[in-house]
Amino acid sequence: MRKTILITGGAGFIGSHVVRLFVNKYTDYLILNLDALTYAGNLENLKDLAGSPNYLFAKGDITDLEFVSALFARYNFDGVIHLAAESHVDRSIADPMAFIKTNVFGTVNLLNAAKEAWKGSFEGKRFYHISTDEVYGALENDGTFFTESTKYQPHSPYSASKASSDHFVRAYHDTYGLPVVVSNCSNNYGSHHFPEKLIPLSINNIKHRKPIPVYGKGENIRDWLWVDDHARAIDIIFHNGKDGETYNIGGNNEWTNIDLINTLCKIMDRKLGRADGESAQLITFVTDRAGHDFRYAINSSKLQNELGWQPSLQFEEGLKKTVDWYLENEEWLEHIVNGQYRDYYAKQYENR
Ligand code: NAD
Ligand code: DAU
């Protein structure tokens, strides 16, 4: 194999798209997916890769230094693409400690394992940390954008934990010379998105004629990016990004939550053969999220100009494709709702 790559969090939403891209595109790389299979980890996301000769899965926690160091010793990784994280803002408000443990402590653990395993020579090595636009705080609706030099001003425990991990990654570059690269991306959408997040939750609720909870007045703005466009950006940055640099990734695609939900309702009315306006009646305004960031918007011109990346998909087309995927993969959603997805690991891996 030409390279051996550790991808953390590969059983999650974005991680599964990144693992699939790398396993299928780089058949001369060995890809090891390390994931603790928390509630958000779902190996059914990757069932199409079963049998791929260049794909391995390891169940383990990035906070466990002994386990992570043993993986480095055994596989002599050339690179790390680090996505494992607690990722849901509402959960971080309810239980911040889990976010500090995985996002901060777990990231520093991985950095230590990489630094130790690669000591002697960092030549040809790369530690790529995947982060979020939420570290920059919130914007007004005034046409400004987050750039790579925007000051960090995180508001939620989730974004504070991601900001902290970003600082540690850069500190390991500046202090020890570890070859790192960081990217900060806007909201992703697409297939295999866990149904606690706005778009998959709404699709599921519309399908079952359940209320669609819209926080506050639904005026908050997010910049939505097709998940495979993020995976493509990760591929480009991993291979061509410069050591020590940060790249912002975004869709240039801002929507208020209420406009997004109304569009989704229209798409689903058509797909489900309902009368126009029927699904929109499910919209229910609920108490706002505490500390709810008003607007995120990314300027990704550095990535576009220096590394030639572009978002590929127009949003309404992407939303239609996303709805189609959820309607065609009812079993995937049912297994999450009834908890069966958590048995998949035991069935596939435990007796090997
Ligand atoms: P996700 O919650 O869907 O998946 C996270 C994965 O990490 C899960 O498979 C989970 O089992 C695993 N994990 C959690 N704790 C772990 C631990 N201690 N050890 C090993 N594995 C662990 O998350 P996602 O939405 O796919 O996000 C992936 C990464 O991308 C995160 O770092 C997130 O901050 C970042 N990000 C997400 C978005 C987005 O819109 N979803 C946008 C920008 C950046
Ligand atoms: O910006 C990148 C971030 O996007 C990632 O770093 C996070 O991991 C990811 O979860 C996402 O965070 P958000 O908080 O923006 O995503 P979420 O889907 O939770 O919410 C999107 C918007 O919709 C937000 O303004 C809150 C609102 N919302 C959310 C839910 C779950 C609702 O109005 N109702 C809901 O039920």
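Note that the numbering runs from 1 along the sequence shown for the chain. Indexing begins at 1, ligand by ligand and atom by atom, following the structure's order.
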**Message:** Testing the 3.5 Å rule here: is there a donor-acceptor pair between the side chains of Ser165 and His129?
**Reply:** yes
**Request:** Would you mind checking which non-hydrogen protein atom is closest to atom 34 (N) of ligand 2, with the distance to 0.1 Å?
**Result:** Pro213 O, 2.8 Å
**Asked** Relative to each other, are the rings of Tyr296 and Phe146 parallel, tilted or perpendicular (30° and 60° limits)?
**Response** tilted
**Asked** Counting both backbone and side chain atoms, is some N or O of Lys162 under 3.5 Å from an N or O of ligand 1?
**Response** yes
**Request:** Starting from atom 39 (C) of ligand 1, find the nearest protein heavy-atom neighbour and note its residue, name and distance.
**Result:** Ile14 CD1, 3.7 Å
**Asked** Would Tyr172 and Asn112 count as having a side-chain donor-acceptor pair, cut-off 3.5 Å?
**Response** yes
**Asked** Does ligand 1 have an atom that lies less than 4.0 angstrom from a heavy atom of Ser186?
**Response** yes
**Request:** Please answer whether the main-chain N or O of Thr4 pairs with a side-chain N or O of Asp78 as donor and acceptor at a distance below 3.5 Å.
**Result:** yes
**Request:** Could you pull out the closest heavy-atom pair between Ile62 and Asn109, with the gap in Å?
**Result:** O-ND2, 2.9 Å
**Request:** On the 0 to 90° scale, with breaks at 30° and 60°, tag the His193-Phe13 ring pair as parallel, tilted or perpendicular.
**Result:** parallel
**Message:** Show the atoms of ligand 1 that are less than 4.0 angstrom away from any heavy atom in Leu37.
**Reply:** 11 (O)
**Message:** Using a 4.0 Å cut-off to any heavy atom of Cys185, which atoms of ligand 1 qualify?
**Reply:** 42 (C), 43 (C)
**Message:** Return the closest protein heavy atom for atom 9 (C) of ligand 2 as residue, atom name and distance.
**Reply:** Ser87 O, 3.9 Å
**Message:** For Phe294 versus Glu219, what's the shortest heavy-atom pair and its separation?
**Reply:** CE1-O, 3.5 Å
**Centroid separation Tyr176 to Phe122 less than 6.0 Å** = no
**Prompt:** Strictly under 4.0 Å, does any heavy atom of Gly60 approach an atom of ligand 1?
**Reply:** yes
**Request:** Give yes or no for whether the N/O distance cutoff of 3.5 Å, strictly under, is met between Cys185 and ligand 2.
**Result:** no
**Item:** Distance-minimising heavy-atom pair for Cys265 and Ile212
**Value:** SG-CD1, 3.8 Å
**Asked** Should the pair Tyr189 and Phe315 be assigned to parallel (<30°), tilted (30 to 60°) or perpendicular (>60°) ring geometry?
**Response** perpendicular
**Fill in**
Heavy-atom proximity to atom 6 (O) of ligand 2, picking from Phe146, Tyr158, Phe194, points to Tyr158
**Prompt:** When you look for heavy atoms under 4.0 Å from ligand 2, do you find them on the side chain of Leu201, its backbone, both, or neither?
**Reply:** side chain
**Request:** Consider every N or O of Ile62 and every N or O of ligand 1, then say whether any pair is closer than 3.5 Å.
**Result:** yes
**Request:** With side-chain contact (heavy atoms from CB on, under 4.5 Å) as the test, would you mind laying out the steps for Lys119 and Lys115 before giving the verdict?
**Result:** CA-CA 6 Å; Lys119 74 180 175 209; Lys115 176 168 81 68; 5.8 Å; no
**Prompt:** Does some non-hydrogen atom of Lys162 fall short of 4.0 Å from ligand 2?
**Reply:** no
**Asked** Side-chain contact, heavy-atom cut-off 4.5 Å: Lys302 with Thr147?
**Response** no
**Nitrogen or oxygen of Tyr39 less than 3.5 angstrom from that of ligand 1** = no
**Asked** Side chain, backbone, both or neither: which part of Lys197 comes within less than 4.0 Å of ligand 2 when only heavy atoms are counted?
**Response** both
**Request:** Could you list which atoms of ligand 2 come closer than 4.0 Å to a heavy atom of Asn257?
**Result:** 22 (C), 23 (O), 24 (C), 25 (O), 27 (C)
**Item:** Atom indices of ligand 1 within 4.0 angstrom of Ile130 heavy atoms, with elements
**Value:** 30 (O), 32 (O)
**Item:** Residue part near ligand 2, for Asp133, under 4.0 Å between non-hydrogen atoms
**Value:** side chain
**Asked** Does the pair Asn253 and Leu225 meet the rule for a side-chain contact (heavy atoms from CB on, under 4.5 Å), with working shown?
**Response** CA-CA 7 Å; Asn253 176 42; Leu225 179 70; over 6 Å; no
**Message:** Under 6.0 Å between ring centres: does that hold for Tyr26 and His239?
**Reply:** yes
**Message:** Under 3.5 Å between any N/O of Arg222 and any N/O of ligand 2: does that happen in this structure?
**Reply:** yes
**Asked** Can you tell me the protein heavy atom closest to atom 18 (O) of ligand 2 and the distance?
**Response** Leu198 N, 2.8 Å
**Message:** Testing the basics here: between Lys242 and Val181, what is the closest heavy-atom pair and its distance to 0.1 Å?
**Reply:** O-CG2, 3.9 Å
**Item:** Ring center gap for Tyr152 and His167 short of 6.0 angstrom
**Value:** yes
**Request:** Using distance alone, decide if ligand 1 has a nitrogen or oxygen within less than 3.5 Å of any nitrogen or oxygen in Asn187.
**Result:** no
**Message:** So for atom CZ, which belongs to Arg289, do other residues, nucleotides or ligands contribute more than 12 heavy atoms lying within a distance under 6.0 Å?
**Reply:** yes
**Asked** Against heavy atoms of Asn188, which atoms of ligand 1 measure under 4.0 Å?
**Response** 39 (C), 40 (O), 42 (C)
**Request:** Give the contacting part of Val89 toward ligand 2: side chain, backbone, both or neither, where contact means a heavy-atom distance below 4.0 Å.
**Result:** side chain
**Prompt:** To the nearest 0.1 Å, how far is atom 14 (O) of ligand 2 from its closest protein heavy atom, and which atom is that?
**Reply:** Arg289 NH1, 2.6 Å
**Prompt:** Less than 3.5 Å between some nitrogen or oxygen of Ala84 and one of ligand 1, yes or no?
**Reply:** no
**Fill in**
A student checking ligand 2 against His292 at a 4.0 Å heavy-atom cut-off should list atoms 24 (C), 25 (O), 26 (C)
**Request:** Can you sort out which atoms of ligand 2 are near Glu196, meaning under 4.0 Å from one of its heavy atoms?
**Result:** 31 (C)
**Asked** What about Asn220: any of its N or O atoms under 3.5 Å from an N or O on ligand 2?
**Response** no
**Request:** Go through ligand 2 atom by atom and flag the ones less than 4.0 Å from a non-hydrogen atom of Thr132.
**Result:** 1 (O), 2 (C), 3 (C), 5 (C), 6 (O)
**Request:** Indicate the atoms forming the closest heavy-atom contact of Tyr247 with Gly241, along with that distance.
**Result:** OH-CA, 3.5 Å
**Asked** Between His88 and ligand 1, which part of the residue brings a heavy atom under 4.0 Å of the ligand: side chain, backbone, both or neither?
**Response** neither
**Prompt:** Rounded to the nearest 0.5 Å, what separation is found between the CD atom of Glu278 and the CD1 atom of Ile206?
**Reply:** 11.5 Å
**Request:** Report yes if some N/O of Asp61 lies less than 3.5 Å from some N/O of ligand 1; otherwise report no.
**Result:** yes
**Request:** Would you mind finding which of Tyr215, Trp224, Tyr189, Tyr136 brings a heavy atom closest to atom 30 (C) of ligand 2?
**Result:** Tyr215
**Request:** Note the single closest protein heavy atom to atom 16 (O) of ligand 2, along with its residue, its atom name and the distance in Å.
**Result:** Asn187 ND2, 3.5 Å
**Request:** Would you mind running through ligand 1 and noting each atom that sits below 4.0 Å from a heavy atom of Ser131?
**Result:** 43 (C), 44 (C)
**Request:** State the atoms of ligand 2, each with its element, that fall below the 4.0 Å cut-off from a heavy-atom position in His88.
**Result:** 19 (O)
**Straight-line distance of Asn257 CG to Asn220 CG, nearest 0.5 Å** = 5.5 Å
**Prompt:** Do Thr38 and ligand 1 have an N or O pair less than 3.5 Å apart?
**Reply:** yes
**Request:** Provide, to 0.1 Å, the distance between atom 12 (O) of ligand 2 and the closest protein heavy atom, together with that atom's residue and name.
**Result:** Glu134 OE2, 2.8 Å
**Asked** Is the centre of the His192 ring less than 6.0 Å from the centre of the His17 ring?
**Response** yes
**Message:** Check contact between Tyr158 and ligand 1, using heavy atoms of the residue and a distance below 4.0 angstrom.
**Reply:** yes
**Message:** As an exercise, identify every atom of ligand 2 less than 4.0 angstrom from a heavy atom of Val214.
**Reply:** 33 (O)
